[in-house]
**Student:** 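One structure, as structure tokens, below. Some questions next.
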Number of protein chains: 2
Amino acid sequence: MTVSKTAEKPADATKGRKDAPEGLPEALQLGELSEQLGYVLKRAQLKVFENFLRCMASLQLTPAQFSVLLLVEKNPGRNQTEVASTLGILRPNFVALLDNLESRDLCARIRSTNDRRSHILVLTDKGKAVLARAKKLVATKHEARLKELLGQANREALLEMLSKIANEF
Amino acid sequence: MTVSKTAEKPADATKGRKDAPEGLPEALQLGELSEQLGYVLKRAQLKVFENFLRCMASLQLTPAQFSVLLLVEKNPGRNQTEVASTLGILRPNFVALLDNLESRDLCARIRSTNDRRSHILVLTDKGKAVLARAKKLVATKHEARLKELLGQANREALLEMLSKIANEF
DNA sequence: TGATAATTGTTATGGACTATATCAAATATC
DNA sequence: GATATTTGATATAGTCCATAACAATTATCA
């Protein structure tokens with residue numbers, strides 16, 4: 001390495017001066033970072049999940065749990081392997097997730113009579129009711145916030161582009 | 001719960017019949033899931049990171065490491081707290097990340113003479129060279145793929161919307 | 001048929017990333 | 001000069017994600 005072991009702080013325009021009223025901590029320049037797709041995508045995703053969790057606080061549903069409920073409602077009678085793989089969740093990791101939903105009586109595992117190895121997944125009545133409330137919360141608080149921020153047309157364009165990336169990148 | 005403990009598989013149009021040539025595993029219906037911002041956003045982000053790692057395989061740089069190098073290059077002379085917080089990384093977690101970059105001689109910690117508590121961060125010559133190669137790889141392999149997929153105009157629109165979400169959601 | 005292979009749900013486990021508390025050294029505050 | 005704050009660091013725990021392995025069950029096929 002070619003750098004010396006100690007160094008002065010680079011001559012600074014605001015912090016170094018005594019007459020300046022102790023300028024702010026001077027935000028860093030993002031530079032090319034703000035043009036990196038991955039960087040912006042990740043930060044946006046974190047913000048969206050954070051907002052989602054706030055909106056769902058009363059129902060205590062994470063994005064992953066919500067996605068399972070949605071998928072099981074739309075596809076009742078599928079087994080764990082099918083549901084998990086559709087969501088990109090590995091079978092072993094899906095077990096605890098389901099244990100949680102089942103312990104809260106939102107979802108049920110039913111031993112299939114066709115193939116006694118597999119567990120058929122179904123929403124319970126409570127699960128359907130909770131999901132219905134969850135959908136309303138998402139629509140009115142979460143997705144509404146997005147529309148407010150981007151506008152309806154942009155929202156659709158964004159979703160389409162993200163889908164394209166998710167499926168074809 | 002109101003569901004019975006066992007159940008027949010729902011009468012199936014393809015798999016149940018003996019005369020059909022054993023239809024495909026029948027993909028699940030995503031339904032409303034494909035309209036959920038968080039879901040699509042997360043899947044897109046995973047794909048993008050995956051592609052990034054492939055493009056960077058020869059340099060062994062993760063997205064987080066690349067972002068640190070970019071930020072330190074653009075803002076030499078800042079300390080760990082400043083760089084970490086700008087990237088949304090907690091100070092304790094930033095230590096190991098820096099240990100890695102420093103052990104590979106890409107980045108150096110220099111004890112500041114102004115404030116002997118803090119470590120000034122600088123890229124080494126090797127760090128600058130590696131970063132330059134990394135930028136080229138990202139531009140030609142990674143971001144180019146995005147342009148090819150969305151087109152230049154859409155790419156810019158996407159980045160702008162994601163930035164808006166990251167900053168204002 | 002029966003031996004072998006494959007599948008399903010599960011457990012155990014390790015790695016990566018994230019979050020909090022705490023510490024010593026150094027600095028700031030008053 | 002006593003106290004509080006800041007910085008980098010360690011320890012630690014929690015959450016995801018990934019792989020191997022296992023028992024029960026089913027599929028394959030010689």
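Throughout, a chain's letter reflects where its sequence line sits, starting with A, and its residues are numbered from 1.
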**Student:** Rounded to whole Å, please give me the gap between CG in Leu53(B) and P in dC17(D).
**Tutor:** 15 Å
**Student:** Do the charged groups of Glu73(B) and Lys128(B) touch, with an N to O distance under 4.0 Å?
**Tutor:** no
**Student:** What's the CD1-C1' distance between Ile120(A) and dT8(C), to the nearest Å?
**Tutor:** 11 Å
**Student:** Send over the distance from Leu97(B) CG to dA9(D) C1', rounded to a whole Å.
**Tutor:** 15 Å
**Student:** Is the shortest side-chain N to carboxylate O distance from Glu50(B) to Lys47(B) below 4.0 Å?
**Tutor:** no
**Student:** For the side chain of Asn93(B), counting heavy atoms from C-beta on, which of dA19(C), dG9(C), dA9(D) is nearest?
**Tutor:** dA19(C)
**Student:** Which listed nucleotide (dT6(D), dT19(D), dT20(C)) is nearest to the side chain of Leu90(B)?
**Tutor:** dT20(C)
**Student:** For the side chain of Pro92(B), starting at C-beta, report the closest nucleotide among dG9(C), dC17(D), dA9(D).
**Tutor:** dA9(D)
**Student:** Once you round it to whole Å, what is the distance between C1' of dC17(D) and CD1 of Ile89(A)?
**Tutor:** 11 Å
**Student:** Tell me which nucleotide among dT18(C), dT10(C), dG9(C) gets nearest to the side chain of Arg109(A).
**Tutor:** dT10(C)
**Student:** Salt bridge check: are Lys147(B) and Glu156(B) linked by an N-O gap of less than 4.0 Å?
**Tutor:** no
**Student:** Between the side chain of Glu168(A) and the main-chain N/O of Ile165(A), is any donor-acceptor distance below 3.5 Å?
**Tutor:** no
**Student:** Would you state whether a donor and an acceptor, one from the side chain of Arg116(A) and one from the base of dT25(D), lie under 3.5 Å apart?
**Tutor:** no
**Student:** How is Arg91(A) classified with respect to the nucleic acid when contacts are heavy atoms under 4.0 Å: base, sugar-phosphate, or nothing?
**Tutor:** base
**Student:** Rounded to the nearest angstrom, tell me the gap between atom CZ in Arg117(B) and atom P in dA28(C).
**Tutor:** 6 Å
**Student:** Please report, rounded to the nearest Å, how far the P atom of dC17(C) is from the CG atom of Leu46(A).
**Tutor:** 13 Å
